[in-house]
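See structure below.
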Amino acid sequence: CPAHFPLLRHHGPSARASPPLAPEVPNFCIKIERSQPAESMALKQISSNKCFEGFQKVFEHDSIELKCKMRFGIYLPPKAEIGKCPVLYWLSGLTCTEQNFITKSGFHQAAAEHGLIVVAPDTSPRGCNIEGEDESWDFGTGAGFYVDATEEPWKTNYRMYSYIKDELPKLIKANFPADSERMSVFGHSMGGHGALILALKNPGKYKSVSAFAPICNPVQCPWGKKAFGGYLGSDLTKWEAYDATHLVKSYPDSHLDILIDQGKDDQFLSAGQLLPDNFIAACTERKIPVVFRLEPGYDHSYFFIATFVNDHIRHHAKYLNA
Amino acid sequence: MENEFVFSSDTAALDPATDPSASMMFPESNENEPEGLTFYHMDLYDSKGRLEIFPEEPAGRGDGALGETSKEPTGPGEDYRSSDQSAYDLEKEVDELTKLYGLDEDKEIEQELLGGNIATAGILESKETPAHKEGVAAGSYGSIYNAPKSSSPVNGSQHKTDMESTEEQELPCKDSQDESQHLNNVTASDELHNHAHSEEELGSDGRQDEQSIQPNSEEEAADIYCATCKIPIRAFDKLFGDHKDHEVTQLANAVESAKEEIQKNMCKLEEQVTEMENFSSHLEEIFITVEENFGRQEQNFEMHYNEVMQTLTQRYEEKVDGLGEEKKQKLEALYGQLVSCGENLDTCKELMETIQELCKDKEKADFIKAAVPVVDRLGEFFKKDMDLELSTLPDFEDTVIDFSDVQQLIDSINTIAAPSAPVINPQAPNSATGTSVRVCWGLFSDDTVEFYQLYYKQVSDDTPSEEQAELMLKVKETYCMVTNLMPNTQYEFWVSALNTAGVSPVSERAVYVTAPSPPIIKRKESRSCENAALVCWESGNMNPVDSYTVELSKLTNGENGDIITESIVGIPNCEALIQLEPGQSYIISVRAVNMGGPSERSEPVSIHTTGTYFYLNEDTAHPLLSVLEDGLTIACSEVENLECDLAFRDNGFTRCIAILGSMIPFQGKHYWEVEVDENMEYRVGVAFENTHRHGYLGANSSSWCMRHIVTPARHKYEFLHCGTTPDIRITVPPKRIGILLDYDNWKLSFFNLDIAQHLYTFNSHFQHYVHPCFALEKPGFLRIRNGIAMPTSITLL
């Protein structure tokens, strides 16, 4: 980058960041980053649709972490055309792809208003030809559980935790007008679990976190037991490192405002898959701020998400735009 | 005496700059004082003898001596001295010393005398010096002036002019000894200077030294001021002289105070000048007035005298006519008498003739015959009465002329008519204060009025007006400031004019009203928000006033609120909602206004448009709830069921231990905070003013609140409206709750301020203005903070 800057220096050495420069930054950076073949491969745009003056796009790229082609949806708000925007990562639940959230939740208007880039990745590696990966809907494909697998045959590809935490942000930063200093994460169900553990395992990395009907205590629930057992083996301490309720107990006392919405008529709540009470109890004990809203009548669907997604976007915007 | 002269002239010598300021002179003079003392006496005793020979000095000689001696103290003289180490000079001086010794002494004296003129004069005036000294001084005074003058032609005009200038300068300055001495020194030295060049006759070195010491030793200008004698004296005199026991001050100080005194007098004079100028212009006006008055009076006299003259002429003519008529009547009567008298006479004559005729007839019968008718006629004639009385008298009646009416007329010249009734004016706007009104009236220009009688009494609706005391003022002018009245009260005024001739009828009655008393701002009830303030006040007046005026001044950095930046007039009620700018401080005061004018300003109230400021309406408080002194802390000491006792309470909550705040009815955002104990049970939120007093907050459609209760399991937070709450779990119990009421977006939000956590937001279209409400469900207290800016963490939401 610096090689190109002298042209702009006529503004004077001590001139404050010159406004006309800002819009050029994104395009400019994209070019440069692409010329560096080191880590990230070229992005392939799959789709682009104008939405609330911004663009909802889907890209495909070769993931180094997951060693497969991965797709992600990204919403670029109108504000992204004139400057860097904070990024909000959405983590979907079991069986979902990048499409579910961007097509069903209706988050675009709020994101456009608050000027947030919203990135919605896929939920697991795909097409890795691992035996049994497509056998069940709650394990393997579409059920990455946002952990770095340690067990064979999963450990080569199923590294969703590192993918979400490191590779994807790097990719986003390199290719889009994203402010890497300002990011937050939220998700639904398994994605809610992913959001919580990402926030709790990386204090300060995410400005805020929220979740819809998250799997709060996977160590204790059937889904979690199955997935963790498969990806992490039988060592319970490894499990606990990806369990939000356990992570809360060791979370350093730093500010993290957690918003959780839970449908009261969610069949997985009554099935004991989500266990929010355990998480709330742990947070109450550790004085981690949580507002947990039990929404009567709502189930586990995207209709529930669509109902409260604006609250969540606003919740994150409050911290991301602070 | 003389040594003073030496001293004074030498002052200049020592200080060629001729600035004999005390500071310069003091050290030397003090040092040399003892020497001066001895020299003084010596000189004093010698002086007389020398003086005797002085006038006999040849002019030239004296002049020379004068020049020589006077040269000594000058600057050039000093220069010379400094360089006169040469033997020649020494020799010469020795020679001259021997040659001129006697004369030199005289010269010295002469010079001394010259230099000391002023000092002498000054001392003479002071009458302090002994008589013989005066004599000497006087003598020397005269002689010294003679001598130089006579010598002047010899020595040339230069000297003469010098002398003359000396003289000129000296004379007018005698009064001010201080200055004159100074001047004298200057002139003396100037003069000496000239002589130093014109004549090479120098005094001996030794003598010079001696002299330079002598003067030095004597050198001591009057440096202090004797307050007792009012003259400047030397410090020496204070110590040893006549002023020993007198009060003294530094001369400089004395001069200062004298100058001040003069300055003061100057001011006084200036004042007098102005006064006189004013008076003279006034006199001019008076001249004109006299002219006018004269004209009027003259006209008046002319009119009246003409009237009297006419009347007199008329009366005279009447009288004279009457007299003529009487005369005619008299004359006619007399003439009639005269005529009848003549007729009678004729008849007598005829009868006598007839008788004589008869007597001539000698015939008896004939005679008898003829005599009978004659006798008959005679008898008939005598029968007739001979009226010889005057039918009328020659005298005219003595008529007394009645002058009474004329007298009246004459009297009327001196007196004037009683004035007619004055016309009272209606009250002029803004002419009244709370305790006074300015009443005006007019007179007819012809009237002469000595003074007016202004009557007034209070107009009262309650009591018949007769009962009100009627007061009267005597006024010379056609207006009167009537004071000591009651504020905002109607008074009836009427006026009559008086002069020597009498009293006029009274004027019409006019009603005047005094300005109202200032209103009293209800400080406690004043509320504000970022953009407005609601100020309430009490009228402060028994009777209604027309309107109120609110005056506000915005306080800018460090400036006081004396400058009214805005006024809102014509406010009919005792409250005003004033739009303001956010984040400012204002001083707001109110005036009541009626026809008479505005009242004084009320005590001001200061308003800060930072955040929303409300107060707790204690009327609404549950009996178990108390508001502490700060007005914003509510406390509850026990929770009992008092319901049975509370049936008759008007406006207070009866079931819920609650209180309502009074917030400004203004759209926009309002923010306040509540500080609570973690385990306190409370309800905080908003409610309509008329929310059910018998219900619980949040249990109805007229209130919205956040409720905290402690269950065995956890802290339970409810966000109640119409008795329902969303199921919300909060992991960190808030201690500081921020409440944001946003009319613009129809929202009521609650925050945990310590961690900037959004807790809940009601979305509700408030049909009316709501007020903050607070309730306690457990003994304890709850602190409200308002009038604070919204934290930025909240503004983002």
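Bear in mind the structure is a predicted one, so any value in this text is a computation, not a measurement. Within every chain, numbering begins at 1; the chains are lettered A, B, ... in the order of the sequence lines, protein sequences first and strands thereafter.
- Under the side-chain contact (heavy atoms from CB on, under 4.5 Å) test applied with B/T731, the options A/V291, A/I260, A/V290 reduce to a single match, A/V290.
- Within a 6.0 Å radius of NZ in A/K201, other residues, nucleotides and ligands contribute more than 12 heavy atoms.
- Atom CD of A/E53 sits in a sparse spot, with 12 or fewer heavy atoms from other residues, nucleotides or ligands closer than 6.0 Å.
- Remark: A/K287 engages B/E678 in a salt bridge, criterion side-chain N to carboxylate O under 4.0 Å.
- Across B/I728, B/D727, B/I730, a single residue satisfies side-chain contact (heavy atoms from CB on, under 4.5 Å) together with A/R293, and that is B/I728.
- Within 6.0 Å of the CD atom in B/E689, the count of heavy atoms belonging to other residues, nucleotides or ligands does not exceed 12.
- Remark: B/Q667 CD is packed, more than 12 non-hydrogen atoms of other residues, nucleotides or ligands lying under 6.0 Å away.
- For chain A, the nearby part of B/P733 is the side chain; its heavy atoms alone come within less than 4.5 Å.
- Minimum heavy-atom separation, A/I280 to B/R729: CG2-NH2, 3.5 Å.
- For the side-chain contact (heavy atoms from CB on, under 4.5 Å) with A/P289, the lone residue among B/L759, B/N752, B/I755, B/D754 that qualifies is B/I755.
- Within 6.0 Å of the OH atom in B/Y769, the count of heavy atoms belonging to other residues, nucleotides or ligands exceeds 12.
- For the pair A/K318 (side chain) and B/A756 (backbone), a donor-acceptor distance under 3.5 Å is present.
- Residue-environment remark: NZ (A/K205) exceeds the threshold of 12 foreign heavy atoms within 6.0 Å.
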